[in-house]
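Because the structure is a prediction, the values reported are computed rather than measured.
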Amino acid sequence: MSDTPPDRLSVNPRSPHYDAAVLERGIGVRFNGTERHNVEEYCISEGWVRLPVGKSLDRHGNAMTMKANGTVEVWFLT
């Protein structure tokens, strides 16, 4: 496995951008200079993250998310 995190990653197993091996290794995300621990999905090249909105759920039981644009920095925790 490489030392650079993927450009796009999701924590939802139904997403095509889900990668269990990378998530087991641990990912740190800094969005607009603030370290975030609740990121559902990110894309470094496009500069956005998906963040949950409160505790509301959609009709499939997934957290409602909003897309926020800005500077995304990602690194491996271990």
Enumerate, atom names and distances included, each donor-acceptor pair closer than 3.5 Å involving a side-chain atom of residues 60-76, sequence neighbours excluded.
| from | atom 1 | to | atom 2 | distance (Å) |
| --- | --- | --- | --- | --- |
| Asn62 | OD1 | Arg14 | NH2 | 3.0 |
| Glu73 | OE1 | Arg30 | NH1 | 3.2 |

Query raised in the report: So do the side chains of Tyr42 and Leu9 get within less than 4.5 Å of each other, counting heavy atoms only?
Result: yes
Query - 4.5 Å side-chain heavy-atom contact, Leu51 and Arg36 - result: yes
Requested in this report: Please list all pairs passing the salt bridge (charged side-chain N to carboxylate O under 4.0 Å, His left out) test where one or both residues lie in residues 51-63, with sequence neighbours left out.
Outcome: none
Query raised in the report: Excluding sequence neighbours, so at least two apart, what forms side-chain contact (heavy atoms from CB on, under 4.5 Å) with Ser45?
Result: Asp7, Cys43
Query raised in the report: Of all residues at least two apart in sequence or in a different chain, which pass the side-chain contact (heavy atoms from CB on, under 4.5 Å) check with Val11?
Result: Leu23, Glu40
Where [X] and [Y] come nearest, the two heavy atoms and their spacing:
X     : Y     : result
Val22 : Pro6  : CG1-CD, 3.9 Å
Glu41 : Val39 : O-CG1, 3.3 Å
Pro5  : Ile27 : CB-CD1, 4.1 Å

**Report entry** Residues that, via side-chain heavy atoms closer than 4.5 angstrom, fall in one hydrophobic cluster with Trp48
**Finding:** none
Requested in this report: Answer yes or no: is there an ion pair linking Arg25 with Asp3, defined by an N-O contact shorter than 4.0 Å?
Outcome: yes
